[in-house]
Amino acid sequence: MSAPANPPAERTTGGTGTTGSEGSTGAAELAARFEREFGTPPDGVWQAPGRVNLIGEHTDYNEGFVLPFAIDKTARVAVALRPGSTVRLLSTYGDQGLFSTGLGGLEPSAAKGWTKYPLGVVWALQERGIEVPGLDLLLDSKVPLGAGLSSSHAIECAVITALNDLTGAGLAPEEMVLATQQAENDFVGAPTGIMDQSASLRGSKGHAVFLDCRDQSVQLVPFDAESAGLVMLVIDTRVSHSHADGGYASRRASCELGAEVLGVRALRDVDVSDLEEAAGLLDDVTFRRVRHVVTENDRVRQVVELLTDQGPGAIGDLLDASHTSMRDDFEISCPELDLAVAAARANGAIGARMSGGGFGGSAIALTPAPAEQQVRAAVVRAFAEAGYTAPDIFTVTPAAGATRVS
Ligand code: GLA
């Protein structure tokens with residue numbers, strides 16, 4: 001999902017994404033800070049990235065297809081296991097101070113702000129019968145919060161990668177995906193799918209992750225905008241959103257209703273050619289929700305084919321079509337996202353769409369490198385003219401998934 005209710009950090013101001021390239025220097029600083037705070041060195045430092053979804057929105061919980069990529073902005077955790085059964089959590093942000101709780105009977109109500117993400121992961125591991133000992137954890141995250149870039153999943157994926165290593169649990173990436181989904185759904189309270197954590201855990205530098213959400217099979221698809229003379233701009237509208245709120249859940253409920261009326265296990269099982277008949281069986285709103293999911297699944301497959309055969313320069317129209325479908329059929333866009341997309345397109349982007357769960361967050365705009373400044377300036381100008389808060393605009397590139405860094 002996205003915006004923590006009590007974010008661990010001030011919203012970062014973007015730039016061109018330095019976190020992923022901080023490499024071991026950042027990790028060494030985090031380890032040193034951990035030692036100052038907790039008195040002994042950590043057992044290690046792990047990181048996990050946020051994600052941008054190239055295409056395939058609200059298709060994951062319909063057992064469909066998604067094509068996200070891990071971005072070069074990460075959450076890092078320094079962790080040490082301790083004897084006993086106390087979890088101590090600290091972040092590098094703000095003045096929230098040390099949070100401490102016992103490991104027995106973990107309840108969401110015990111969590112404070114961002115601590116629900118690591119505690120949710122510990123709880124999900126316990127639910128799987130994995131014994132988690134006491135631990136100290138220091139978090140640092142450069143994934144912008146509330147921007148629709150999966151800042152919460154980045155934290156969860158960094159934590160589960162660390163605990164999987166440290167406890168020797170030996171979970172496969174697919175199992176870590178399901179455990180973090182359980183943490184989100186049942187501990188954090190956001191009814192989200194498996195896309196974000198799959199990108200964060202299974203992403204690969206220079207690639208998008210083509211994920212079949214029914215069986216979790218993954219195909220890494222080369223996505224190298226730069227060598228095609230393009231940049232991927234993220235336009236963070238600064239409109240915050242939370243998928244623990246009603247809009248996301250109501251879209252999910254409409255999809256479930258549509259599948260039930262159409263007599264299929266999930267909307268994944270409906271083809272574009274079935275839509276005409278579906279129109280006669282569903283009420284107007286449910287039909288439009290269904291049409292978005294069905295056509296979006298189709299667009300994901302087309303984008304994969306085009307990327308493979310022709311490269312990133314060929315996918316612009318499908319990005320545009322995806323946005324139109326989310327704006328008109330799924331109704332999860334907002335005026336700021338629509339303006340960002342329209343201004344980017346009108347000033348040289350070859351394709352643009354809102355990305356993520358919707359109701360705020362970020363748009364992406366695939367832009368020829370020579371037009372980057374023009375697009376940036378036009379979007380900023382359009383927001384100022386509309387009286388909106390200035391957007392935060394930065395570039396992203398597909399980066400590696402979660403890993404131990406020291
Ligand atoms: C959020 C959820 C994902 C997915 C997207 C919409 O990011 O966390 O599971 O449903 O929205 O595509």
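All values derive from a computational prediction rather than experimental measurement. FYI, side chains are in, hydrogens and waters are out, and symmetry mates aren't considered; it's all heavy atoms of this structure. Both ligands and their constituent atoms are indexed starting at 1 by order of listing.
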Requested in this report: Answer yes or no for Glu184: is there a heavy-atom contact with ligand 1 below 4.0 Å?
Outcome: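 Heavy atoms of Glu184 never come under 4.0 Å of ligand 1.
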
**Report entry** Arg251 heavy atom under 4.0 Å from ligand 1
**Finding:**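 Under 4.0 Å: no for Arg251.
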
Does an N or O from [X], backbone or side chain, lie closer than 3.5 Å to an N or O of ligand 1?
X: Ser150; value: no
X: Gly356; value: no
X: His153; value: no
X: Tyr61; value: no
X: Arg51; value: yes
X: Asp196; value: yes

Report task. Please work out which of the three classes, parallel, tilted or perpendicular, describes the rings of His292 and Phe330, given edges at 30° and 60°. Result ->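 Because their plane-to-plane angle lies in the 30° to 60° range, the rings of Phe330 and His292 count as tilted.
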
Subset of ligand 1 atoms that lie under 4.0 Å from at least one heavy atom of [X]:
X: Gly193; value: 9 (O)
X: Asp60; value: 3 (C), 4 (C), 9 (O), 10 (O)
X: Met195; value: 4 (C), 5 (C), 12 (O)

Query - Residue pair Ile155 / Ala75: nearest heavy atoms and the distance that separates them - result: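 Scanning both residues, the minimum pair turns out to be N-CB, 3.9 Å.
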
Query raised in the report: How far apart are the closest heavy atoms of Gly356 and Met354, and which atoms are they?
Result: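 Gly356 and Met354 have their closest heavy atoms at O-CE, 3.4 Å.
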
Requested in this report: May I ask which of Glu296, His58, Met354, Gln181 has a heavy atom nearer to atom 6 (C) of ligand 1 than the others do?
Outcome: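 Shortest heavy-atom distance from atom 6 (C) of ligand 1: His58.
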
Report task. Just jot down the ring pair (Phe, Tyr, Trp, His ring centres under 6.0 Å) partners of His323, sequence neighbours excluded, or say none. Result ->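 Checked His323 against ring pair (Phe, Tyr, Trp, His ring centres under 6.0 Å); zero matches.
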
Requested in this report: Carefully, step by step, assess Val300 and Phe210 under the rule side chain to side chain contact (heavy atoms under 4.5 Å, CB included).
Outcome: CA-CA 8 Å; Val300 174; Phe210 177 36; 3.8 Å; yes

Query - Sub-4.5 Å side-chain heavy-atom contact between Phe38 and Leu98 - result: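 Yes - at least one pair of side-chain heavy atoms lies under 4.5 Å apart.
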
Query raised in the report: Would you say the ring centroid of Tyr61 lies under 6.0 angstrom from that of Tyr248?
Result: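 Ring-ring flag for Tyr61/Tyr248: true, centres closer than 6.0 Å.
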
Report task. Quick one: list whatever passes side chain to side chain contact (heavy atoms under 4.5 Å, CB included) with Ile130, sequence neighbours left out. Result ->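 Partners of Ile130 under the side chain to side chain contact (heavy atoms under 4.5 Å, CB included) test: Leu125, Arg128, Thr167, Ala169, Leu171.
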
